Engineer: 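Here it is: the structure, laid out below.
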Protein chains: 2
Amino acid sequence: MVWSGDRMDFVASVVTGVATLTQTMEDGRTQMVGLLLPSDFVGRPGRDHAPYNVTATTDLMMCCFRKKPFEAMMLSTPHIGQRLLEMTLDELDAAREWMLLLGRKTAREKIASLLSIVARREASLNLRGSRGKMDFDLPLTREAMADYLGLTLETVSRQMSALKRDGIIGLEGKRRVIIPDFDRLQDEAGDDTDGGYLV
Amino acid sequence: MVWSGDRMDFVASVVTGVATLTQTMEDGRTQMVGLLLPSDFVGRPGRDHAPYNVTATTDLMMCCFRKKPFEAMMLSTPHIGQRLLEMTLDELDAAREWMLLLGRKTAREKIASLLSIVARREASLNLRGSRGKMDFDLPLTREAMADYLGLTLETVSRQMSALKRDGIIGLEGKRRVIIPDFDRLQDEAGDDTDGGYLV
DNA sequence: CGTGCGGTTGATGATCATCAATTTTGGTGG
DNA sequence: CCACCAAAATTGATGATCATCAACCGCACG
C-alpha cells in the first residue's frame with residue numbers, strides 16, 4: 001500500500017482487515033513495528049513522507065482523510081487532538097511492551113505473547129470475555145509472525161508445533177487457532193500476573 | 001525515583017542528567033524502554049500510575065509539574081497539547097527504530113547503534129556537527145547498556161573491546177568514549193545510508 | 001588494608017539461525 | 001470434481017551467536 005519514503009498525503013483508520021507497519025535494513029532484514037487491527041490509526045499529522053512500509057495482510061477497508069483538511073480540523077476541534085494524543089500514548093505503551101518481548105523473551109514466550117494479544121483483540125471485537133476457550137483465524141503468515149517477533153519463520157513454525165504438542169493451542173488448517181485454556185497460554189507468555197491494564 | 005505501579009501525580013522534563021525507563025519480568029529479566037536525556041519529557045497526562053520504573057543514572061535535575069494543573073493548562077492552551085503530541089510521535093518513532101535494533105541487529109550493530117545515538121545527542125547539545133572526531137562520557141554502566149540492547153553485560157563488554165580492537169572507537173577509563181571517525185561507527189550500526197531524517 | 005562495585009576475559013553450552021528437503025494447503029483450470 | 005501447481009508450512013541436520021558460569025582486575029571508599 002505504501003512504501004517507506006513515499007509521499008503520504010492522508011491519514012486513515014482501519015475499519016476491517018489487518019495491515020502491518022514494517023522497517024527494513026538494506027540487506028533485507030525486516031522488522032514489523034506495528035500491527036494495524038480494526039480501529040487503529042495510521043499516519044502522522046505534520047509529516048508528509050511515510051517512514052515505514054504499510055502492507056495489507058488481508059482484504060482491508062480503511063477510512064481515509066486527506067491530511068490537510070484533517071490538520072485543519074485538529075486545530076478547530078481540540079478534542080480530536082486530545083483523542084489522538086491518547087491513542088498515540090497507547091501505541092507508545094504497546095511499542096514498549098513489544099521492546100520487552102523483542103529484547104528479553106524466549107522464542108516460545110514470544111509466540112505465546114503474540115497469540116494472546118491477537119486473541120484478546122479478537123475477543124474484544126466480538127465482545128466475548130477473554131477466559132476459557134477461544135478460537136480465531138490468525139491474520140498473519142508464519143513469515144509475518146517471524147518479522148513481528150524478531151525470529152525466523154522456521155523457529156516460529158517449530159514453536160507453534162511445540163505449543164500444539166504441549167496442548168497449549170490447537171491448529172486447524174494453517175490459520176485457525178484454538179485456545180482451550182487462555183490462562184495457560186498467558187502463563188507461557190511470561191507476562192506478569194493478571195495483565196489488568198494491558199490492552 | 002519511581003517504581004512501576006507507583007502513584008505518580010506529576011509530569012516532568014529532564015533539565016540535566018540522564019534517567020532510564022525500564023520494564024521487568026517477575027524473574028528479573030529487565031528491558032530498558034526509554035532513555036531520558038535533557039529535554040525529554042516523562043509522564044502521561046490522564047494516567048495516575050506509572051507503568052515503568054524510572055531510574056536516574058547520573059545526577060539529575062528535572063523540571064516537574066503537578067499533573068492536575070498541567071492537565072488544566074493543556075485544556076486552556078491547545079498549543080501545549082499539540083507540542084506534546086508531536087513529542088510523543090517522535091518518541092514512538094524512536095521506539096520503533098529500537099524495535100528494529102532489538103529484533104534484527106547483531107550484538108556488534110546494537111552497540112554501534114547505541115554509541116551513535118548517544119554521540120549524536122551529545123553533539124546536538126553541544127552544538128557540534130556529527131562528523132569526524134568526537135568524544136563523550138557514556139552515561140550508562142555496561143549493565144544499563146545491556147538492558148537497553150537486549151544483551152548481557154558480558155556481551156556488551158566483549159563487543160566494546162572488539163570495536164576498540166578494530167579502531168572504531170577508543171576508550172579512556174571506563175566511561176570516556178572517543179570516536180575517531182563517526183561515519184565508520186555509523187557503518188557498523190547497519191542503519192540505512194545517510195540517516196537524514198533520524199534524530 | 002580489606003571490601004564492593006564495575007568491568008574484562010575465558011570456557012562452555014543452549015538457543016536460535018541457516019541450509020535443505022519434503023509435505024500440506026488452498027486455489028485454478030481442465 | 002479432480003488434478004495440478006505454487007505458496008506456505010513443516011521438519012531435520014548443522015552451525016554461529018550470544019548467554020551462562022566463573023575467575024580475575026582495578027579503583028574508590030570506608
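As the structure is a computational prediction, the values presented were derived from the model and not from experiment. Computation of the quantities below employed the complete heavy-atom set of this structure, encompassing side-chain atoms and omitting hydrogens, waters and symmetry-equivalent molecules. All chains are named by letter (A, B, ...) in the order of the sequence lines, taking the proteins before the strands, and each is independently numbered beginning at 1.
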Engineer: Test your reading of the model: is there a side-chain donor-acceptor pair from A:Asp6 to the backbone of A:Ala50, 3.5 Å cut-off?
Structural biologist: no
Engineer: Is there a side-chain contact between A:Leu84 and B:Gln82, using heavy atoms and a 4.5 Å cut-off?
Structural biologist: no
Engineer: Whole-Å distance between D:dA8 C1' and A:Asp137 CG?
Structural biologist: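 Distance, rounded to whole Å: 16 Å.
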Engineer: Using whole Å, report how far CD1 of A:Ile169 lies from C1' of D:dT10.
Structural biologist: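 Taking CD1 of A:Ile169 and C1' of D:dT10, I get 14 Å after rounding.
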Engineer: Applying ring-ring contact (aromatic ring centres under 6.0 Å, His included), name anything that partners A:Phe65, two or more places apart in sequence or on another chain.
Structural biologist: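 ring-ring contact (aromatic ring centres under 6.0 Å, His included) list for A:Phe65, sorted by chain: A:Phe70.
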Engineer: Return a single string for nucleotides 24-30 of chain D, one symbol per nucleotide in 5' to 3' order, where B is base contact, S is sugar-phosphate-only contact and - is none, cutoff 4.0 angstrom on heavy atoms.
Structural biologist: -------
Engineer: Find the distance A:Leu140:CG to D:dA9:C1' and express it as a whole number of Å.
Structural biologist: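 Roughly 15 Å, once rounded to whole Å.
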Engineer: Give a yes or no on whether the backbone of A:Met74 and the side-chain of A:Thr77 come within a donor-acceptor separation of less than 3.5 Å.
Structural biologist: no
Engineer: What bend angle does the helix from C:dC1-D:dG30 to C:dG30-D:dC1 show across its length, from five-pair end axes and to the nearest 10 degrees?
Structural biologist: 40°
Engineer: So, B:Lys133 and B:Asp181, do they make that salt bridge, N to O below 4.0 Å?
Structural biologist: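 Salt bridge: no.
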Engineer: Whole angstroms only, please: what is the CZ-C1' distance between A:Arg142 and D:dT11?
Structural biologist: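 The distance from CZ of A:Arg142 to C1' of D:dT11 comes to 13 Å, rounded to the nearest Å.
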Engineer: Tabulate protein N/O versus nucleotide N/O from nucleotides 17-23 of chain D, keeping only pairs under 3.5 Å, one per line.
Structural biologist:
unit_1	atom_1	unit_2	atom_2	d
D:dC18	OP1	B:Ala107	N	2.9
D:dA19	OP2	B:Thr152	N	3.4
D:dA19	OP2	B:Thr152	OG1	3.3
D:dA19	OP2	B:Thr155	OG1	2.5
D:dT20	O4	B:Arg158	NH2	2.9
D:dC21	N4	B:Glu154	OE2	3.0

Engineer: Should we count CZ of B:Arg66 as having more than 12 external heavy atoms under 6.0 Å?
Structural biologist: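 Check fails, neighbour count at 12 or below.
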Engineer: May I have the distance from B:Glu143 (atom CD) to C:dC5 (atom C1'), rounded to whole angstrom?
Structural biologist: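 Nearest whole value for this atom pair: 11 Å.
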Engineer: Nearest whole Å is fine: how far is C:dC19 P from A:Leu153 CG?
Structural biologist: 13 Å
Engineer: Verify whether one side chain among B:Thr155 and B:Thr152 offers a donor that lies under 3.5 Å from an acceptor in the other.
Structural biologist: yes
Engineer: For D:dT11, does OP1 or OP2 lie under 4.0 Å from any side-chain N or O of A:Ser157?
Structural biologist: no
Engineer: For the pair made of CG in B:Leu138 and C1' in C:dG7, what is the distance, rounded to whole Å?
Structural biologist: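 Between C1' of C:dG7 and CG of B:Leu138: 13 Å.
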Engineer: Do NZ/NE/NH1/NH2 and the carboxylate oxygens of A:Glu109 and B:Arg29 come within less than 4.0 Å?
Structural biologist: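 Salt bridge present between A:Glu109 and B:Arg29.
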Engineer: Is B:Thr141 touching bases, backbone alone, or none of the nucleic acid, heavy atoms closer than 4.0 Å?
Structural biologist: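 Result for B:Thr141 = sugar-phosphate.
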Engineer: Looking for any heavy atom pair under 4.0 Å, which part of the strands does A:Arg29 touch: base, sugar-phosphate only, or nothing?
Structural biologist: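 No contact at all - A:Arg29 keeps every heavy atom at 4.0 Å or more from the nucleic acid.
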Engineer: Output side-chain donor-acceptor pairs under 3.5 Å for residues 157-164 of chain B, partner residues at least two apart or in another chain, one line each.
Structural biologist:
unit_1	atom_1	unit_2	atom_2	d
B:Ser161	OG	B:Ser157	O	3.0

Engineer: Kindly say whether B:Pro139 contributes a backbone atom to a donor-acceptor pair with the side chain of B:Thr57 at under 3.5 angstrom?
Structural biologist: yes
Engineer: Enumerate, atom names and distances included, each donor-acceptor pair closer than 3.5 Å involving a side-chain atom of residues 141-148 of chain B, sequence neighbours excluded.
Structural biologist:
unit_1	atom_1	unit_2	atom_2	d
B:Thr141	OG1	B:Glu143	N	3.3
B:Thr141	OG1	B:Ala144	N	3.0
B:Asp147	OD1	A:Arg104	NH2	3.1

Engineer: Atom CZ of B:Arg175 to atom C1' of C:dC5: distance rounded to whole Å?
Structural biologist: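 Answer to the nearest Å: 12 Å.
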